[in-house]
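Note that the structure is predicted; figures quoted are calculated from it, not measured. All chains are named by letter (A, B, ...) in the order of the sequence lines, taking the proteins before the strands, and each is independently numbered beginning at 1.
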Amino acid sequence: MSVLLPGSLAEALGSLAADPDLVPMAGGTDLLVHWPQRTELHERSYLDLSGVEELRPHRWEADELVLGGLTTYWDIIEDRRAWNELPLLIDAARQVGSVQIQTRGSWAGNIVNASPAADGVPVLMAYDAVVVLDSTRGRSEVPLSGFYSGYKEMRRSPDELVTEIRVPRRAYDVQIFEKVGSRRAQAITKVGVAVTRSDAGWRVVANSVAPFVCRCPALERILEEGAAVGGPDDLLPGIREDVSPIDDIRSTAEYRENVLARLLYYDLLDLCPSFG
Amino acid sequence: MSDGRSDPLRISFTLNGEPTTVEVSPSERLLDLLRYRLGLTGTKEGCAEGECGACTVYLDGLPVDSCLVPAYQVRGRLVETIESLDPKGMAHYHARGTTQCGACTPGVVMTAEWIVRHPDRLETHTVRELMAGNLCRCTGYDGIIEGVEGALGDREAG
Ligand SMILES: Cc1cc2nc3c(=O)[nH]c(=O)nc-3n(C[C@H](O)[C@H](O)[C@H](O)COP(=O)(O)OP(=O)(O)OC[C@H]3O[C@@H](n4cnc5c(N)ncnc54)[C@H](O)[C@@H]3O)c2cc1C
Ligand code: FES
Ligand code: FES
């Protein structure tokens, strides 16, 4: 195994251009799990991002919050402005693992790790976040809702780093994040959902019910059109159109569909006149 | 600066207040460096996957699981282990049953003392939420929570 320790973004991108097989190392909370046993990972070459200081800070601009490529969950939990303006980022961050994971894990790592159960991704997607990718070839900006195309498949070329995640600052009148797991901390999500409403319309984003975290256009349409919803089961056809939950060690497809329907129904009951 | 590739990497950092320079292998975790090469065996390995918190140390003042930190990432940073804490400060944990078998205790005390040093965190978080990354098979957690509350109380009183 080997590792490169770049001290600047330009150097990191140059190294990655020269050797796109390098694996970027951020907080290591995905990459180092069971490290001693995962000897195949010791064969790889790594690009350590931790010395690229310019990737760490996040900043508030007039119309967006810009997360850096190394910004951690804890960096955002520490920012009281985020609690007021984009509270779903806080709700999700507090439910990622535990404090020891939140102080190390990065939002960009969550996006690129591309777990269908990721908790950072759904709230970012419900806020219409844009992923900024840089390489020596230039910059591309991809809406997070269009970033994934299959299980662990995404629009990132091997020579690109996620350098920013741009989150628009909008006024929201609905902001909901629900994570269902076996226990409150240190639990992988069985079913999760993030819902927002702003001038840009409704966003419904589900995790752990499809090969990747995704928006749910059929459910968004039901909310947009104000179609009558008399009970949780009325949401099932929309759910089946949007997602494809599976049976696995953590849960069953049937459980996931039903829980998703009930989470949405009871969370929205008081907010949507069409729900009764 | 780009260092050589598979070769050991020479890194400098501050360990429990002391400037420290060591060679690390690219595959070494902070936990391995501390326990097996620097002889700081107070930090324990429970799960090797970030679940149990037995390996908790402070990195730049924040609790992290040292089983998930590549050793090369601590270059230029501050690392503090359980050995840096004053044993005299442990009385309230003894008194309240925070420890039984002791396997989880170094990690538990590291997180607990971090809370005690930053009581402002309790404006937004409960002790239980902040301690959720430290698993314990013995105490049933009440002794841990009461230990932290006792230590917080002592600090306020003192
Ligand atoms: C005990 C435990 C509990 C956890 N609980 C949760 C949970 O509840 N919810 C959840 O969503 N996740 C959870 N995770 C997973 C993990 O913490 C998150 O996915 C985290 O956000 C990963 O970030 P990282 O910086 O540690 O990534 P790393 O492990 O460093 O990297 C992850 C992946 O992203 C790539 N990468 C990282 N940064 C970049 C970048 N800037 N550009 C390009 N590629 C990059 C890496 O090459 C790698 O493929 C948990 C992990 C552990 C160990
Ligand atoms: S050994 Fe590191 S968290 Fe369990
Ligand atoms: S005291 Fe035994 S595991 Fe906690």
Colleague: Counting only heavy atoms not in B:R137 (residues, nucleotides, ligands), do more than 12 fall under 6.0 Å from its CZ?
Modeller: no

Colleague: Using heavy-atom distances under 4.5 Å, tell me whether A:H42 contacts chain B through its side chain, its backbone, both, or neither.
Modeller: side chain

Colleague: In terms of heavy-atom pairs under 4.5 Å, which option from A:D48, A:V99, A:L41 contacts chain B the most?
Modeller: A:D48

Colleague: With salt bridge (charged side-chain N to carboxylate O under 4.0 Å, His left out) as the test, would you mind laying out the steps for A:K179 and A:D91 before giving the verdict?
Modeller: CA-CA 9 Å; A:K179 164 172 176 164; A:D91 289 353; over 6 Å; no

Colleague: Using heavy-atom distances under 4.5 Å, tell me whether A:E78 contacts chain B through its side chain, its backbone, both, or neither.
Modeller: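 When you check distances to chain B, only side chain atoms of A:E78 fall under 4.5 Å.
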
Colleague: When you compare the side chain of A:M25 with that of A:S50, does any pair of heavy atoms fall below 4.5 Å?
Modeller: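 Not touching, per the 4.5 Å side-chain cut-off.
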
Colleague: Just by distance, no angles: are the side chains of A:D159 and A:T136 close enough, under 3.5 Å, to form a donor-acceptor pair?
Modeller: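 No, no side-chain donor-acceptor pair sits under 3.5 Å.
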
Colleague: For the interface with chain A, which of B:L68, B:T124, B:T56 has the highest count of heavy-atom pairs at distances below 4.5 Å?
Modeller: B:L68

Colleague: By a 4.5 Å heavy-atom criterion (distance strictly below it), what part of A:A12 contacts chain B: side chain, backbone, both, or neither?
Modeller: neither

Colleague: Heavy-atom cut-off 4.5 Å, strictly under: side chain, backbone, both or neither for A:R94 against chain B?
Modeller: both

Colleague: Under 4.0 Å between a Lys/Arg side-chain N and an Asp/Glu carboxylate O for A:R104 and A:D30?
Modeller: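 No, this pair does not count.
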
Colleague: So, B:Y58 and B:E113: side-chain donor and acceptor under 3.5 Å apart, yes or no?
Modeller: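 Note: B:Y58 and B:E113 side chains miss the donor-acceptor criterion.
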
Colleague: Return yes if some donor-acceptor pair links the side-chain N/O of A:T103 with the main-chain N/O of B:P63 below 3.5 Å, else return no.
Modeller: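 Looks like yes, one N/O pair under 3.5 Å.
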
Colleague: Report the option among A:L31, A:I77, A:I90, A:I101 that has the most heavy-atom pairs separated by less than 4.5 Å from atoms of chain B.
Modeller: A:I101

Colleague: Under a 4.5 Å heavy-atom cut-off, does chain B meet the side chain of A:R80, its backbone, both or neither?
Modeller: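 Contact with chain B is through the side chain of A:R80 alone.
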
Colleague: With a 4.5 angstrom heavy-atom cut-off, could you sort out which part of B:T111 is near chain A: side chain, backbone, both or neither?
Modeller: side chain

